[in-house]
Amino acid sequence: MELFESSKHGMSSFILHCFSLIYSDTDFLIEPVYLHWVSGLLHLILLVMLLVSWVRKKFSGVESEGPKGRFKNSSCFYHKLTLFCSLAVSVLNLILCLLDCFYWYRNGWADGKLVTLSDLVIRTVAWGAVSVYLHTHFFNSGEQRFPFLFRVWCGFYFSISCYCFVVDIVLFEKHLSLPIQYVVSDIISLFNGLFFCYVGFFVKNKGEGTLLQEPLLNGNSSVSDASESNKIKGGETVTPYSNAGIFSILTFSWMGPLIATGNKKTIDLEDVPQLASSDSVVGTFPAFREKLESDGGTISTVTTFKLVKAMIFSAWKQILLTALFALLNTLASYVGPYLINTFVQYLNGQRQFKNEGYVLVSAFFIAKIIECLSQRHWFFRLQQVGIRIRAELVATIYNKGLRLSCQSKRGHTSGEIINFMTVDAERIGDFSWYMHDVWMVLLQVVLALLILYKNLGLGSLAAFFATVIVMLANVPLGKLQEKFQDKLMESKDKRMKTTSEILRNMRILKLQGWEMKFLSKIIELRKTETGWLKKYVYTSAMTTFVFWGAPTFISVVTFGACMLMGIPLESGKILSALATFRILQEPIYNLPDTISMIAQTKVSLDRIASFLRLDDLQSDVIEKLPRGSSDTAIEVVDGNFSWDISSSNQTLKNINFKVFHGMKVAVCGTVGSGKSSLLSCVLGEVPKISGTVKVCGIKAYVAQSPWIQSGKIEDNILFGKEMDRERYEKVLEACSLKKDLEILSCGDQTVIGERGINLSGGQKQRIQIARALYQDADIYLFDDPFSAVDAHTGSHLFKECLLGILRSKTVIYITHQVEFLPAADLILVMKDGKITQSGKYNDILHSGTDFMELVGAHEKALSALDSLAGEAVCEKLSRTKQDVHVSGAQDVESRDGNKDLQNGITNDIVGPKGQLVQEEEREKGKVGLSVYWKYITMAYGGALVPFILLAQILFQLLQIGSNYWMAWATPISADVKPPVKGYILIAVYVALAIGSSFCILARETLLVTAGYKTATLLFNKMHLCIFRAPMSFFDATPSGRILNRASTDQSAVDTNIQNQIGAFAFSMIQLLGIIAVMSQVAWQVFIIFIPVIATCIWYQQYYLPSARELSRLVGVCKAPVIQHFAETISGSTTIRSFDQESRFQNTNMKLMDGYSRPKFNIAGAMEWLCFRLDMLSSITFAFSLIFLISIPKGVIDPGIAGLSVTYGINLNMLQAWVIWNLCNLENRIISVERIVQYTCIPSEPPLVVQSNQPDPFWPSHGEVDIHDLQVRYAPHLPLVLRGLTCTFPGGKKTGIVGRTGSGKSTLIQAFFRIVEPTSGQITIDGINISLIGLHDLRSRLSIIPQDPTMFEGTVRSNLDPLEEYPDEQIWEALDKCQLGDEVRKKEGKLDSTVSENGENWSMGQRQLVCLGRVLLKRSKVLVLDEATASVDTATDNLIQQTLRQHFSDSTVITIAHRITSVLDSDMVLLLNQGLIEEYDSPTRLLENKSSSFAQLVAEYTMRSNTSFV
């Protein structure tokens, strides 16, 4: 150390000696005026050089060619830095110039000062010109280095800078005073010169590489291809954060490329980089699951504590790191208040050592920098933790949903489980923001008390007790908030559950004209929810009032106690205390939020933990034997099973059967006999009470209700398997799908809508069968798949699939078609949950009554057919039996193809836009002002807004006034007499404090009132628009998108948006207040403040495009997660049967990562912006402090100057807070934008047309006249019905038949105006149905739809949702539809519960309930859309008999696949590819041996008489 000191002393002595030799003659060389003259001349030369260069380029016509793909290597960084440096030096010189102007203006001018000023002006202009030159010319010129002359100039500049620096050292050694700003300027010039010399002489500009230019010059396509192949989409690259350097991480520069991209184009998901494995749920979930299961063994034993422990364990490193940042931030934030008193005393002239002012400024500035850095990284890493935990929770909930037992599922519907994912997991993720607040409040209170004790002595005890009182006030408020939050979530669950069910069944609601009744149901549920919401938001308002008033309350108590104790109050101490209270205000203000958030998070954690504790499917139901280890494929011994274990009534009793490999087993029985439950017990879905089930081999399952995933048809068939083209084609052929794929606009690449909405029932069923066939399993379980397809296709499927591709496989199939039974090796006859008969067809035919009943009903139907068909068909049948038997549906396909060619019809093939389901629309660009305006003016026309703002302005004025009063009215030191007496001082302060508290109360009350009203109006408006939307909207919009708006976006509008808008307005008013206070003391601060504000606004504008689009992407990426989950829940049985759980879990994790990606980058972008704003604010604060210590003593009041510093400490926070609030508001307001988007959905035609209401008894006759009817589902899709003209006579029965996909169901939809005709018209009893109201039309027609639908509720509410009929009529209808006895068995009779989707009723029973509805309604026009597809032949005969009896004088239009259902019709309409092929009475059509209908009947008869063996 001594050596260093001596060498330092020697060096300075040497410099002094050198200068002393020449000083006598050349003393002007170290005169500042001379140096400024040389500097000015040098910069003037630079200006002239740049001007000449610009003029030469202008006149020679050489212009910059614009950006040609900027720097792709490390030189990019250096050249960008030169631009930044030149701009920074220009700004610095401008500031120095303005400061000198103001200073000399006050203290007088001199000639030397004029030279200095000229130098600063020339420097400002010259460096500004350099930055313009670099930006517009050099970077795009293709030159490898700076121009030669500029490099020479840089050399001179560096030399002069070195010289100036040496002169500064000499003058310092000679104890000559030199303004500090010039020393700083010289040091900056030195480093700037060094850097420019380094870049000019050693760094080449490789930005314009030959790779970018060559393809343009010589057309070398290989080079072009190489460059293209090297382009990697953002979606395939990992976030730069994962491998960023320390500087990049500190300054968030790794976000730069994405933010820059957002400024050039609209960001799409492929532009957003992938997450690093440490943030991706794919990478982190295994460890989380392991920790969760390690304590209790399974997830089913999870408690809230274990869940919290696992979450902490999964992110403990980040949590510790954020705790360190939080600690640093807290300590740094208290440096300001600690030093204020010293600063005020310094301004008052009490200086303890030389340069104390600069030391104080440095301490303030360094503390601010540490505070800024620690806060930015603390916040970013907290969000990182939140994103990770949220994703892990969603994955856990998803995996649990996939394993839930049937009993557990009944307790939690898909709507509720979706809420666990969208609301609860989201809230727990958001809690990361508040993670450290609890211990930080304690630390901040302790630090505050220490500072107060230093300034006020025992007065700090009063502050302590006041703080404790304020914090204790939290307890009741916190408990209330927790209670209200709990109730709010419960009511939200109920609403979401109902909404989810309604959206799933919107088609049936519209067909029945019930949608407005169900909307009122949602509105009622919302009313309950808003009751709790109101209580919750008003409690929050009270909490906010208490805590905004807390600092004022604490300061009143503290200062009052000081007066009573006789502790002298000096302005420095007062200001230090006020600054401390202001900083203490944040943790105290945040405490209610924290307590509220803890309450909400605990509720959410409890809900998720209780969900995770629900029972899984029993894992021991099935004993799985290794593949090939046994001859027996399935064996059930003494099996007793029950869907409801608590019920004494078992579902399946004493089940015993054995199936060997390769056997075909048929299961038959009446509706509700337990057939589907038998398959479910083989799948392991039904809880086992006793017995054993052994299964050997891989299973494939086809459900009775088709479960189709939204996505491509090809993906549905492959179902996770690799494409084997040969096998795929074979499966398509076997399932008769080839013709359908030709008709569809995009073939097997057609995107299927949610729940297969754009496919017919038969197509969905055949895709399901194709999926099973493609899997190449050992055991196939078919739950009545032939009921949804026509006779041709049914026989083709049975032959090609069961007897063809699956001939060597084990197959168990349920069927109501007796004709498929003889082919079985074993037939199981079910009744009341027991197997009453088993054996081969001929063995059991005469051994019992149950099987005889089924076969007898079938024979009866066939005899009717024979009597009608007569000899002609029988002859034809015997002649062509073999041909039809072999070719089946192929004949129809070829005939269809020929017909097309004859009519000259070409299928309307469309491009990608020909898909029904389009990508979710998202707004692009800036959020329109109209969205803000709509939100602000929706409640009471915006009348409350001026009062809210007025209350905040008054609060701010009173706050500033009270602080100003304390600074002015207290003496600067103990020896100065106070201007006012002590009691006046406190009385005025208390009055101002009470006034400001009331302003806060008024502000909060008005704000939550406006927010609550707006949320209610937006909810009602959106739901009305959704319910009035045409069916095409629901076909093309996955319910996930609607549910996302009804849950997440509505939650944001309910509780967040009003606070966000309020926070922006209030922080803006606070900022203006601080600026006003600071400008009172030192208006010169505006010199730095204005450019800083301008830079802040520029940064904000630069940041916003990226942040906005990322926020929109979050909304768009969330819907697929919800939709995938909803689909998984509804298809969990199918997924489990194919053992595909792991694939679906992986898909869910990938979708979650897709949602987390924009979330992560929003967090990074926000901190990128805040870091830069904080830095600029810190610089502003430092300049204002430098200004205050530079002005002579006595020019300004030290107390008022101290007040400006007190406010200035918060300036950087508040300035960043304003910008942050603005950006956050723009991100959050997107929820309003998305809801508003759904308030503008085009509506269906009116429900009632007042001027054209039909007669109350219409339709009286029921004649339906169709004229040139053309229908397409959307403008970009091909026609489905292509010009139908026919008349259905009134009071008669008309049957509609045709191959699957021929347009039968579309015609029915046209009757109900679910789809409006493209051209043509339908009239009923002379009234054009397109001219009357939809409700008038739909309420007068009746329908039994293809997919039987039941709603959660009771039997009564399902039969009579509009509550129009007495119980007697309901019982009568139940008896007529064969359900009376079944309902009487149930405990609640008509009030017995129906679970979600009617899952506790069999498919056939659900169909009978739909029949019950039409029997109650007794309309003149009845439509049956494959109404008896899910019932056995005996029940079908009973239904037909009931319809004949009760609708004998009604027009009955029947779509059926069973020929017997339409044979007794008066007329038969045969459709083929949207055209009428045949229309006549069945008798006439059968007389014509070549008619398609005759062939259809022949096929059915042949199939019924054939054993398929």
Side-chain angles (χ1 to χ4, degrees), residues 510-511 513 1244-1246 1248-1249 1251-1273 1279-1298 1302-1345 1414 1417-1425 1443 1447-1456 1462 1464-1485 1493:
K510 288 200 173 287
L511 286 168
E1244 278 188 307
V1248 176
V1249 177
S1251 60
N1252 201 9
Q1253 275 193 281
D1255 185 275
F1257 303 105
W1258 176 87
S1260 54
H1261 185 51
E1263 182 174 295
V1264 179
D1265 188 39
I1266 302 169
H1267 178 69
D1268 191 27
L1269 185 67
Q1270 295 186 6
V1271 174
R1272 55 159 53 96
Y1273 280 100
L1279 285 170
V1280 182
L1281 297 181
R1282 303 188 285 184
L1284 306 189
T1285 302
C1286 61
T1287 301
F1288 299 162
K1292 304 287 183 184
K1293 288 184 72 178
T1294 303
I1296 303 175
V1297 292
S1302 59
K1304 304 187 295 291
S1305 292
T1306 305
L1307 178 57
I1308 299 307
Q1309 291 189 67
F1311 280 139
F1312 287 84
R1313 287 174 66 195
I1314 296 296
V1315 284
E1316 294 288 336
T1318 307
S1319 66
Q1321 65 178 39
I1322 299 172
T1323 56
I1324 298 177
D1325 284 359
I1327 291 181
N1328 183 347
I1329 63 168
S1330 296
L1331 302 178
I1332 61 172
L1334 288 181
H1335 189 264
D1336 286 337
L1337 170 68
R1338 291 169 184 170
S1339 60
R1340 310 291 176 89
L1341 309 181
S1342 285
I1343 184 168
I1344 303 179
V1414 302
K1417 203 170 176 184
R1418 297 291 297 274
S1419 299
K1420 199 68 185 169
V1421 177
L1422 169 64
V1423 176
L1424 308 178
D1425 188 356
L1443 291 173
F1447 290 93
S1448 54
D1449 58 344
S1450 298
T1451 305
V1452 180
I1453 300 164
T1454 308
I1455 292 178
V1462 294
D1464 65 344
S1465 302
D1466 299 297
M1467 299 292 282
V1468 170
L1469 173 71
L1470 195 145
L1471 290 177
N1472 180 15
Q1473 287 204 332
L1475 293 165
I1476 296 175
E1477 188 168 326
E1478 295 167 359
Y1479 181 50
D1480 211 332
S1481 68
T1483 318
R1484 284 209 199 94
L1485 287 172
F1493 183 68

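Bear in mind the structure is a predicted one, so any value in this text is a computation, not a measurement. We're numbering straight along the sequence, starting at 1.
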Next item on the list: Report the distance from atom CD1 of I1455 to atom CG of L1424, rounding to the nearest 0.5 Å.
Entry: 9.0 Å
Margin query: For the CD atom of E1244 and the CD atom of E1316, what is their distance to the nearest 0.5 Å?
Written below: 8.0 Å
Next item on the list: State, to 0.1 Å, how close R1338 and K510 come at their nearest heavy-atom pair, and which atoms those are.
Entry: CD-O, 2.7 Å
Checklist line | Shortest non-hydrogen contact between G1290 and T1451, atoms and distance | finding: CA-OG1, 3.4 Å
Check: Would you say Q1253's side chain and I1332's backbone share a donor-acceptor pair under 3.5 angstrom?
Finding: no
Checklist line | CD on Q1473 to CG on L1281, rounded to 0.5 Å | finding: 12.0 Å
Checklist line | Minimum heavy-atom distance D1336-P1254, with the two atoms named | finding: OD2-CD, 3.6 Å
Check: Is the shortest distance from a Lys or Arg side-chain nitrogen in K1292 or E1263 to a carboxylate oxygen in the other one below 4.0 Å?
Finding: no
Check: Side chains of L1279 and V1271: does their closest heavy-atom pair fall under 4.5 Å?
Finding: no
Notebook entry, point to check: Looking only at heavy atoms, which two atoms of I1324 and P1259 are closest? And how far apart?
Noted result: CG2-CB, 3.8 Å
Next item on the list: To the nearest 0.5 Å, tell me how far Y1479 OH sits from T1285 OG1.
Entry: 12.0 Å
Check: Any side-chain heavy atom of L1422 sitting closer than 4.5 Å to one from I1343?
Finding: no
Next item on the list: Begin from the C-alpha positions of F1311 and V1421 and carry the test side chain to side chain contact (heavy atoms under 4.5 Å, CB included) through to its verdict.
Entry: CA-CA 10 Å; F1311 280 139; V1421 177; over 6 Å; no
Next item on the list: Report yes or no: does D1480 contribute a side-chain atom to a donor-acceptor pair with the main-chain N or O of L1485 at less than 3.5 Å?
Entry: no
Item checked: Side chain R1282, main chain L1269, donor-acceptor under 3.5 Å -> no
Check: Looking only at heavy atoms, which two atoms of H1261 and D1325 are closest? And how far apart?
Finding: N-OD2, 2.8 Å
Next item on the list: Let me see the working for V1423 and L1341 under side chain to side chain contact (heavy atoms under 4.5 Å, CB included), right down to the final yes or no.
Entry: CA-CA 8 Å; V1423 176; L1341 309 181; 5.9 Å; no
Check: With side chains defined as the heavy atoms from C-beta onward, is the minimum distance between F1288 and I1266 less than 4.5 Å?
Finding: yes
Margin query: Looking at T1294, is its backbone amide N or carbonyl O close enough to the side chain of S1465 to form a donor-acceptor pair, meaning the two atoms are under 3.5 Å apart?
Written below: no
Check: Ignoring hydrogens and geometry, is there a side-chain-to-backbone donor-acceptor pair from R1340 to W1258 under 3.5 Å?
Finding: yes
Margin query: Let me confirm one number: the NZ-CG distance from K1304 to L1470, rounded to the nearest 0.5 Å.
Written below: 9.0 Å
Note to self: For a side chain to side chain contact (heavy atoms under 4.5 Å, CB included) check, start with the C-alpha distance between S1481 and V1468, then their side-chain angles and the critical distance, and finish with the verdict.
What the structure shows: CA-CA 6 Å; S1481 68; V1468 170; over 6 Å; no
Next item on the list: With sequence neighbours left out, write down each residue that passes salt bridge (Lys or Arg N to Asp or Glu O under 4.0 Å) with D1268, or none if nothing qualifies.
Entry: none
Check: Is the closest side-chain heavy-atom distance between R1313 and P1245 below 4.5 Å?
Finding: yes
Margin query: Would the distance check show the side chain of S1450 and the main-chain N or O of S1419 forming a donor-acceptor pair, the cut-off being under 3.5 Å?
Written below: yes
Margin query: Checking the side chain of K1420 only, and the main-chain atoms of D1449 only, is there a donor and an acceptor separated by less than 3.5 Å?
Written below: yes
Note to self: Could you measure the distance from the OG1 atom of T1454 to the CG atom of L1469? Nearest 0.5 Å is fine.
What the structure shows: 12.0 Å
Notebook entry, point to check: If you look at every heavy atom in L1284 and G1474, which pair is closest and at what distance?
Noted result: CD2-O, 3.3 Å
Next item on the list: Return yes if some donor-acceptor pair links the side-chain N/O of N1472 with the main-chain N/O of E1477 below 3.5 Å, else return no.
Entry: no
Check: With no hydrogens and no angle check, do the side chains of T1287 and D1265 hold a donor and an acceptor under 3.5 Å apart?
Finding: yes
